[in-house]
There are 2 protein chains.
Amino acid sequence: MRGIARLARELGVSTATVSRALNGNPNVNKATREKVLEAAQRLGYAANQAARSLAQGVTHSVGFMIELDHESTTSTDYFFMGVVEGMQAVLAAHGLDLLVLPCAKSQDNFTFLQRFVSRGAVDGMILAETRRIDRRIELMQSSGIPFVTLGRSDSGGGYSWIDLDFEGVMATAVDRLVGQGHRRIAVTVPSNDANYGTIFAQAYQDSLARHGLAFDEELVFPTRRREDDGGSLVDGLLDRPDPATAIILFYEVTAIGIYRRLAERGLTPGRDLSIIGFRGEESVRFLAPQVTCFHMSLPDLGTAAARALLAQMPLTAPAFSSGVLQRRVPLSLVPGESDGPPASGVR
Amino acid sequence: MRGIARLARELGVSTATVSRALNGNPNVNKATREKVLEAAQRLGYAANQAARSLAQGVTHSVGFMIELDHESTTSTDYFFMGVVEGMQAVLAAHGLDLLVLPCAKSQDNFTFLQRFVSRGAVDGMILAETRRIDRRIELMQSSGIPFVTLGRSDSGGGYSWIDLDFEGVMATAVDRLVGQGHRRIAVTVPSNDANYGTIFAQAYQDSLARHGLAFDEELVFPTRRREDDGGSLVDGLLDRPDPATAIILFYEVTAIGIYRRLAERGLTPGRDLSIIGFRGEESVRFLAPQVTCFHMSLPDLGTAAARALLAQMPLTAPAFSSGVLQRRVPLSLVPGESDGPPASGVR
DNA sequence: CTGAAAGCGCTTACAG
DNA sequence: CTGAAAGCGCTTACAG
């Protein structure tokens with residue numbers, strides 16, 4: 001005999017009583033409860049997860065599906081762990097375990113998710129790196145399992161998501177540069193297929209349009225999350241009939257390569273080329289001149305996602321404001337010295 | 001009626017047959033199997049995880065416990081995701097799910113682990129950041145659940161671990177510096193309580209002793225995983241009666257701060273101070289002069305850990321060479337220009 | 001090759 | 001406040 005039955009026998013009570021005592025059911029005599037709790041503690045007993053889940057119909061766990069591609073996992077810009085920190089704290093406070101579920105880039109992410117969902121392995125799910133068209137969202141909706149995505153998608157319609165305010169960031173950056181006198185503003189966009197790339201690029205176009213500036217496809221540079229992906233675009237930016245005088249970076253780490261290439265050409269960031277980075281990062285903080293960028297708290301992003309999920313889960317929903325939550329997290333500008341009026345003085 | 005029962009009824013077979021077909025039991029008529037498989041596929045049916053685990057006594061999942069502290073999760077030096085990449089690939093190939101289990105620094109890591117273990121939530125466990133004395137190891141041993149640690153510990157005795165060859169790295173670095181003529185060699189060590197700090201420091205002492213060099217406690221600098229933690233130690237290193245002429249860095253990112261401070265003082269890395277970094281990192285790769293460092297593959301480390309675990313798990317052990325595996329993964333030196341003969345020419 | 005039935009270790013109405 | 005018993009959804013000897 002093992003598990004709860006063994007504990008019950010040793011204590012001379014029924015398994016029902018042990019179960020109630022352990023689960024905080026109020027209908028248990030105080031002395032009995034203490035006896036049970038003490039014994040469980042002493043013997044290191046905890047209810048078997050599988051049996052518990054089967055009986056209760058809930059797992060008390062939440063999955064966070066992330067995709068592993070070598071480019072990002074080994075990047076200095078990898079930021080999901082900071083987000084996990086916030087998620088974990090909120091979920092733990094509500095008695096939920098966070099299971100980070102890594103899906104290899106090489107396997108189909110739909111099938112991967114489907115397995116966890118159809119097996120009932122989690123009570124809720126957080127998805128990252130949403131695509132513009134993302135079948136995972138419809139999968140989650142038809143599964144009935146509460147979920148929230150980190151990032152928007154055109155799929156699914158009215159579901160909960162948390163995303164960064166790319167539009168706000170871009171508007172602020174372009175406003176600032178235009179205010180400094182720039183007219184030829186370039187941009188880098190991620191070279192992967194996540195939806196944020198599309199959103200960032202669209203916000204760029206919209207912001208230019210707001211200022212009556214022409215959109216030039218040749219000023220849009222897809223880059224990877226790599227320091228050296230910045231350097232190679234500098235020449236293309238400057239050596240043209242109408243050179244760009246400013247650039248907005250999706251991956252701020254690429255500033256490192258840009259600074260190097262500028263230095264090689266005897267040029268100075270902020271004077272010969274204005275640079276604004278998207279997400280202020282540790283690895284870039286030590287560049288001189290300091291990169292003008294946008295700041296955000298990664299744990300706060302995780303916290304927001306976890307809350308949006310809890311608001312949908314049966315056990316926790318009552319404590320949260322109801323319904324679907326769709327929120328863009330604003331970022332604040334951190335002025336540096338990497339931008340300023342164009343050297344040519346064009347205005 | 002739901003789950004397997006519903007599927008069975010629809011197909012006009014017993015649940016036993018459905019179960020066998022789905023689990024690849026050979027004792028199933030081919031036509032029957034195909035019928036079942038087709039229906040399961042069509043209806044998106046997958047066996048309930050909890051029921052399956054309860055009946056089988058195994059979860060087909062492996063946990064990787066990592067500790068979240070804000071310093072490391074937001075560091076550009078965070079490297080566990082690269083390791084996860086390798087783990088996940090190996091485990092998936094053997095039909096095992098990898099659950100990354102984040103434990104907040106603020107909660108007790110022993111209790112955290114105990115919950116997952118005593119509940120039977122995983123079939124195997126990988127532990128990171130082992131301490132010199134680490135009660136988790138005895139916990140795992142008494143649980144009977146296969147486990148492997150990323151990092152050594154004095155606890156537990158003969159269990160499986162994978163660790164980096166800190167001794168080899170240190171010996172190579174010191175040999176190289178001594179060969180260049182250095183006699184006063186400083187070192188940075190991590191300021192946390194993980195065992196690798198102790199090992200690194202001990203290897204430093206041993207390597208000095210091998211060359212008959214005196215150990216000077218004042219040349220040992222605890223640092224965090226932060227770029228700016230390098231700069232502050234430069235002055236202490238140089239402004240003393242017998243200045244250090246070389247330094248070996250545990251966290252290579254701190255080289256960034258060191259380079260900056262040296263530049264401020266009009267000094268040159270590799271000439272006025274020789275620098276060797278431990279783990280070659282993306283964020284440091286663009287420093288000039290290039291930092292001499294040691295290279296390793298993060299996914300390979302994960303692969304090794306996963307294999308060491310599989311070798312202990314009942315279902316997979318037969319395919320692996322048996323027994324306890326304790327392995328130090330070697331790193332290879334990548335020469336840069338950040339070290340060389342001391343400027344004073346002392347020999 | 002297939003089915004009826006027991007059993008995995010819990011939780012929870014139900015009855016007292 | 002407590003216990004006997006059913007039930008959660010599977011898997012797997014056992015019998016045929």
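Only a predicted model underlies this, so the values are computations on that prediction, with no experimental measurement involved.
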Examine the side chains of [X] and [Y] and answer whether a donor and an acceptor come within less than 3.5 Å of each other.
X: B:Y196; Y: B:E129; answer: yes
X: A:N23; Y: A:R52; answer: yes
X: A:Q49; Y: A:S53; answer: yes

Going by heavy atoms in the side chains, are [X] and [Y] under 4.5 Å from each other?
X: A:I162; Y: A:L325; result: yes
X: B:L22; Y: B:L37; result: yes
X: A:D123; Y: A:I145; result: no

Dot-bracket summary - DNA chain C, pairs being Watson-Crick or G-U whose distances fall under 3.5 Å, with | when paired to another strand: |||.||||||||.|||

Partners passing ring pair (Phe, Tyr, Trp, His ring centres under 6.0 Å) against B:H94 (at least two apart in sequence or in another chain): B:F320

B:S53 side-chain N/O to C:dC8 phosphate OP1/OP2 under 4.0 Å: no

Touch class at under 4.0 angstrom, heavy-atom based, for B:N27 against every strand present: base

Interatomic distance, B:R131 atom CZ to B:S155 atom OG [nearest 0.5 angstrom]: 11.0 Å

Whole angstrom value for the distance that separates [atom2] of [N] from [atom1] of [X]:
X: B:Q49; N: C:dC8; atom1: CD; atom2: C1'; result: 14 Å
X: B:K35; N: C:dC1; atom1: NZ; atom2: C1'; result: 12 Å
X: B:R6; N: D:dC8; atom1: CZ; atom2: P; result: 15 Å

Nucleotide-resolved protein contact map, nucleotides 9-16 of chain C, B/S/- at heavy-atom distance under 4.0 Å: BBSBB---

